[in-house]
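Throughout, protein chains are lettered first and strands after them, A, B, ... in sequence-line order, and every chain is numbered starting at 1.
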There are 2 protein chains.
Amino acid sequence: MEKIDYTSRHHQIALYAKALAHPARVAILEFLAARECCFFGNLHDVLPIAKATVSQHLSVLKESGLIQGEIKPPQVRYCINKENWDIARDLFGLFFNDLKKIECS
Amino acid sequence: MEKIDYTSRHHQIALYAKALAHPARVAILEFLAARECCFFGNLHDVLPIAKATVSQHLSVLKESGLIQGEIKPPQVRYCINKENWDIARDLFGLFFNDLKKIECS
DNA sequence: TTACTTGTTCGCAAATATACGAACTGTTCG
DNA sequence: CGAACAGTTCGTATATTTGCGAACAAGTAA
């Protein structure tokens with residue numbers, strides 16, 4: 001039997017999933033999306049974690065491509081990266097919806 | 001400013017995301033869904049990892065609720081858990097689609 | 001019974017993730 | 001200039017994840 005390699009799709013889904021794999025990051029994305037954009041301080045104010053930790057989670061989200069940050073001295077404004085957000089949405093959408101015949105006999 | 005607690009939705013999305021956060025598990029789910037169900041051996045045959053590791057990933061997926069295993073001596077048959085799969089699909093669907101007004105000014 | 005087949009569990013090592021305070025950078029304000 | 005403000009980065013501690021071989025458990029076949 002032939003071993004398979006993980007496809008780039010597998011990797012991409014896994015990477016976006018990893019970005020969503022912590023409640024703080026889910027909350028950040030939700031908060032960001034609801035208000036379009038917001039500053040680091042707004043996020044730190046509502047999240048139950050230290051600012052260093054908030055910064056770290058934002059860093060993970062930035063690396064995943066789901067958000068972007070813009071320096072507006074003396075603050076930093078974060079917002080959803082719409083392009084990658086759409087890519088992630090489509091990846092998950094296809095992944096969850098295009099699997100037919102799911103019935104265990 | 002009021003701190004928020006992570007909601008159970010945040011936690012649930014994070015948990016499902018964590019289940020998808022490894023290429024092997026994405027591949028397993030895809031493989032499972034394409035063939036409805038299959039045995040441990042089929043998965044081990046196609047995945048580039050040791051059987052102990054396959055078992056571990058299956059365990060993670062089982063705990064997430066996305067799949068279920070049934071012992072059919074001497075084999076174990078795994079398949080998608082449709083109920084939870086639908087829940088996850090809806091969670092991600094709402095999460096990615098119900099965020100309007102995503103534009104960074 | 002013994003041997004084999006199928007898959008899980010154990011024990012360990014290495015890598016990654018999470019969290020925080022303290023120190024730091026860069027900007028603004030007095 | 002020095003103080004205050006907004007965030008990031010550093011260093012560290014702890015927990016979780018990933019991966020594997022070896023040992024194990026359960027069922028089947030001889």
| Pairwise side-chain contact, Phe40(A) with Arg77(A), heavy-atom cut-off 4.5 Å (strictly under) |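 No, too far: nothing below the 4.5 Å cut-off.
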
| task | Measure the acute angle between the ring planes of Phe96(A) and Phe92(A), then classify it against the limits of 30° and 60° as parallel, tilted or perpendicular. | result |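 Parallel, since the angle between the ring planes stays under 30°.
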
| task | State which residue, out of Asp86(A), Leu15(A), Ile13(A), fulfils the side-chain contact (heavy atoms from CB on, under 4.5 Å) condition with Leu91(A). | result |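 With Leu91(A) as partner, side-chain contact (heavy atoms from CB on, under 4.5 Å) holds for just one option, Ile13(A).
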
Interatomic distance, [X] [atom1] vs [N] [atom2] [rounded to whole Å]:
X        : N       : atom1 : atom2 : result
Gln75(A) : dT8(D)  : CD    : C1'   : 15 Å
Leu58(B) : dT6(C)  : CG    : C1'   : 13 Å
His44(A) : dA19(C) : NE2   : P     : 13 Å
Leu61(A) : dT18(C) : CG    : C1'   : 14 Å
Phe40(A) : dG26(C) : CZ    : P     : 17 Å
Tyr78(A) : dG7(D)  : OH    : P     : 8 Å
Glu70(B) : dT6(C)  : CD    : C1'   : 16 Å
Ile28(A) : dT18(C) : CD1   : C1'   : 13 Å

| note | Whether each nucleotide of nucleotides 18-30 of chain D has a protein heavy atom under 4.0 Å at its base (B), only at its sugar-phosphate (S) or at neither (-) is summarised, 5' to 3', as BBBB-----S---

| query | What pairs with Val76(A) under side-chain contact (heavy atoms from CB on, under 4.5 Å), at least two apart in sequence or on another chain? | reply |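 So Val76(A) forms a side-chain contact (heavy atoms from CB on, under 4.5 Å) with Ile71(A), Tyr78(A).
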
